[in-house]
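Contents: one structure, followed by commentary.
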Amino acid sequence: MTGAKPEKVTISHRSAQWRQTARVPSSLRKFPVSRVQTIKQKDGTYLVTGDVGNPYVLPASSLAVSALLRDKSGKLLGGASTFVDDVRAGKTPRFILTVEGLPSSTQVGATEVVARTWGSTGRPYEELAMGGAVPVHTVKPRTAPFAKDKGRHAVPGEGKP
């Protein structure tokens, strides 16, 4: 935060370098966020808390958790980020962050929270996906298998070079 305008701001970019991922996109699961609460504090800041989970078998060494506060019309009011370390499958560690610098008249309509791997590349995400996802269903089926395989429908063009 600063009290004065900067004299000069320079923003530069470079072209992105794209490469194929080691896994299909559907294997890259979102980190679930739950029990999110946004509480206005006496000093005008907003405290955002919640739990973050890990859908992968391997532990996530460091996750960046970002919260964006929006008004009732969806306009962005402000946000903040924090880190949660060593997030293991089956555990839901708590995150706590503070959003500062909003006018006292601010009315928050919604809080949007996202957890992602930390780093400048997709490698941490890919390594988690390569280790596999935690099974969604952990109970064995109780029904008997089909007596006859129902087969499948051919997709047009399938099997043609």
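Please read all numbers here as calculations on a predicted model, not as lab measurements.
The OG1 atom of Thr117 lies 8.5 Å from the OH atom of Tyr56; values are rounded to the nearest 0.5 Å. Atoms NZ and CG, from Lys40 and Leu47 in turn, are 13.5 Å apart once rounded to the nearest 0.5 Å. Summarising the geometry, atom CZ belonging to Phe95 is positioned 10.5 Å from atom OG belonging to Ser81; distances are rounded to the nearest 0.5 Å. Distance check, rounded to the nearest 0.5 Å: CG of Asp86 to CG of Leu63 gives 10.0 Å.
Nearest heavy-atom pair, Val113 versus Val65, reported as atom, atom and distance to 0.1 Å: CG1-CG1, 3.7 Å. Across all non-hydrogen atoms, the minimal contact from Tyr125 to Arg29 is OH-O, 2.8 Å. Residues Gln41 and Ile39 share a closest heavy-atom pair of NE2-O, 3.3 Å. The two atoms that bring Thr49 and Arg94 nearest to each other are OG1-NH2, 3.2 Å, heavy atoms only. Contact detail for Gly53 and Thr92: the closest heavy-atom pair is CA-CG2, 4.3 Å. Across Ala80 and Thr98, no two heavy atoms sit closer than the pair CB-O, 3.4 Å.
Leu28 and Phe31 fall within a single hydrophobic cluster, where Ile, Leu, Val, Met, Phe, Trp and Tyr are joined by side-chain heavy atoms under 4.5 Å apart, directly or via other members. Transitive grouping of hydrophobic side chains (ILVMFWY, heavy atoms separated by less than 4.5 Å) keeps Trp118 and Val84 in distinct clusters. Residue Val99 is grouped with residue Val36 when hydrophobic side chains (ILVMFWY) are merged at heavy-atom distances under 4.5 angstrom, including chains of intermediate members.
Considering only heavy atoms from C-beta on, Pro55 stays 4.5 Å or farther from Val134 through its side chain. With contacts defined as side-chain heavy-atom distances shorter than 4.5 Å, the pair Val108/Thr106 qualifies.
Heavy-atom contacts from other residues, nucleotides or ligands closer than 6.0 Å to CZ of Arg35 number 12 or fewer.
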Begin with the C-alpha distance, continue with both residues' side-chain angles, and end with the deciding distance and a verdict on side-chain contact (heavy atoms from CB on, under 4.5 Å) for Arg70 and Glu112. CA-CA 8 Å; Arg70 298 185 182 276; Glu112 181 182 331; 3.0 Å; yes
Under the side-chain contact (heavy atoms from CB on, under 4.5 Å) criterion, do Leu69 and Val48 qualify, and how do the steps go? CA-CA 10 Å; Leu69 304 183; Val48 181; 4.2 Å; yes
